[in-house]
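FYI, the numbering just counts along the sequence from 1.
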Amino acid sequence: PNFGLILNDAFFTDFVMGGRVGYYLTEKYGLEVIGLSISSSNKTITSELASERLIKTDALATPTSYFGLDFKWVPIYGKIGWMNRRIIPFDFYFSLGGGVTGTNQSTSPPTIHLGGGQIFAISKWMAGRWDISWFAYQSNSTVANRPNGTFTNLHATIGMSFFFPEAEYR
């Protein structure tokens, strides 16, 4: 499970909730299925545009979901000491993949996904993680002079990882 925010949306506050299921082919390479649900609420500027300037803000494309598959590469792994009491193994990874993004415009355009993150082992079967992900897609819009456009979203999430069977090397 993971939770987070979309960092680069000027008009909406977007909360991300989702899950990831991965399978590692080797210690360095894996596949990961991603499913996200995204809820949006107006920022103050968006509400003011709608109420004071009569601009149709529902014409702006916003993501509502994402489903995709990534290839993961783990080039960096190591261990860090925590206050001279504990050794914590970690993995730093990069991911590349694609999927579909559901939007408020009733479209599900193909999406490119690039990401990176770090996993910190809590035990041999559980870890905490953070992820930074970039999603790019083209979506229709009801804006009169711009019927479609390219949209990018930068997600920052934190979450947990569970390993089945538990990791042997930690």
Side-chain angles (χ1 to χ4, degrees), residues 1-24 30-74 90-120 122 126-164:
N2 58 353
F3 307 93
L5 296 168
I6 294 179
L7 302 176
N8 65 330
D9 195 329
F11 297 103
F12 301 96
T13 301
D14 303 293
F15 296 100
V16 178
M17 226 173 37
R20 299 168 184 243
V21 176
Y23 179 77
Y24 282 86
L31 298 173
E32 189 171 64
V33 174
I34 302 171
L36 303 174
S37 176
I38 303 164
S39 66
S40 299
S41 61
N42 288 350
K43 289 187 176 179
T44 304
I45 186 69
T46 310
S47 298
E48 289 174 0
L49 286 171
S51 64
E52 296 175 16
R53 308 245 182 202
L54 304 176
I55 294 174
K56 293 175 62 174
T57 58
D58 58 346
L60 301 169
T62 60
T64 58
S65 63
Y66 173 79
F67 185 76
L69 176 68
D70 278 1
F71 175 76
K72 287 181 72 175
W73 174 47
V74 183
F90 70 88
D91 295 343
F92 189 82
Y93 71 88
F94 298 101
S95 59
L96 170 66
V100 293
T101 296
T103 70
N104 66 336
Q105 303 296 319
S106 300
T107 61
S108 295
T111 304
I112 296 171
H113 173 239
L114 298 170
Q118 202 165 8
I119 298 172
F120 294 95
I122 296 169
M126 184 171 61
R129 69 186 287 167
W130 64 264
D131 304 274
I132 297 289
S133 295
W134 178 79
F135 297 86
Y137 58 93
Q138 286 196 336
S139 180
N140 294 332
S141 176
T142 56
V143 176
N145 62 352
R146 189 172 181 210
N148 61 40
T150 301
F151 297 87
T152 60
N153 299 121
L154 183 64
H155 295 204
T157 58
I158 58 171
M160 299 295 295
S161 288
F162 301 96
F163 303 103
F164 304 103

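The ring-ring contact (aromatic ring centres under 6.0 Å, His included) check on F92 picks up F94, with sequence neighbours excluded. N2 pairs by the side-chain hydrogen bond (donor to acceptor under 3.5 Å, both in side chains) definition with nothing, not counting sequence neighbours. With sequence neighbours excluded, the residues that form a side-chain contact (heavy atoms from CB on, under 4.5 Å) with V16 are I6, L36, I38, H155, T157. Residues meeting the ring-ring contact (aromatic ring centres under 6.0 Å, His included) test with F3, sequence neighbours left out: none. Qualifying side-chain hydrogen bond (donor to acceptor under 3.5 Å, both in side chains) partners for S108, counting only residues two or more places apart in sequence or in other chains: none. Applying the side-chain contact (heavy atoms from CB on, under 4.5 Å) test to S161 and every residue at least two apart in sequence or in another chain returns I119, A127, R129, F163. Scanning for side-chain contact (heavy atoms from CB on, under 4.5 Å) contacts around F67 gives V33, with sequence neighbours left out. For the side-chain hydrogen bond (donor to acceptor under 3.5 Å, both in side chains) test, residues two or more places apart in sequence or in another chain that qualify with Y137 are N153. Applying the side-chain hydrogen bond (donor to acceptor under 3.5 Å, both in side chains) test to T111 and every residue at least two apart in sequence or in another chain returns T101. When the side-chain contact (heavy atoms from CB on, under 4.5 Å) test is applied to S39, the partners found at least two apart in sequence or on another chain are F15.
Contact annotation: the side chain of P63 never approaches that of F12 to less than 4.5 Å [non-hydrogen atoms, C-beta and beyond]. The side-chain heavy atoms of S95 and H113, taken from C-beta on, include a pair separated by under 4.5 Å. At least one side-chain heavy atom of W134 sits less than 4.5 Å from a side-chain heavy atom of T152.
A donor-acceptor pair under 3.5 Å is formed between the side chain of T64 and the backbone N or O of G102. A donor-acceptor distance shorter than 3.5 angstrom exists from the side chain of K43 to the backbone of D9, with no hydrogens or angles considered.
A 6.0 Å sphere centred on CG of L154 holds more than 12 heavy atoms belonging to other residues, nucleotides or ligands. Taking a 6.0 Å sphere around CG of L114, one finds it holds more than 12 heavy atoms contributed by other residues, nucleotides or ligands.
Between the side chains of T107 and S139, at least one donor-acceptor pair of N or O atoms lies under 3.5 Å. At a cut-off of 3.5 Å, with distance as the only test, a side-chain donor of S40 or D14 sits close to an acceptor on the other residue.
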Give the C-alpha distance, both sets of side-chain angles, the deciding distance and a yes or no for side chain to side chain contact (heavy atoms under 4.5 Å, CB included) between I34 and D70. CA-CA 8 Å; I34 302 171; D70 278 1; 3.3 Å; yes

Any chance you could lay out the side chain to side chain contact (heavy atoms under 4.5 Å, CB included) test for F151 and F135, step after step, and finish with the verdict? CA-CA 8 Å; F151 297 87; F135 297 86; over 6 Å; no

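A distance of 14.5 Å separates OG in S41 from CZ in F11, rounded to the nearest 0.5 Å. Atoms CD and CZ, on E32 and R20 in that order, are 5.0 Å from each other to the nearest 0.5 Å. Rounded to the nearest 0.5 angstrom, T103 OG1 and Q138 CD are separated by 12.5 Å.
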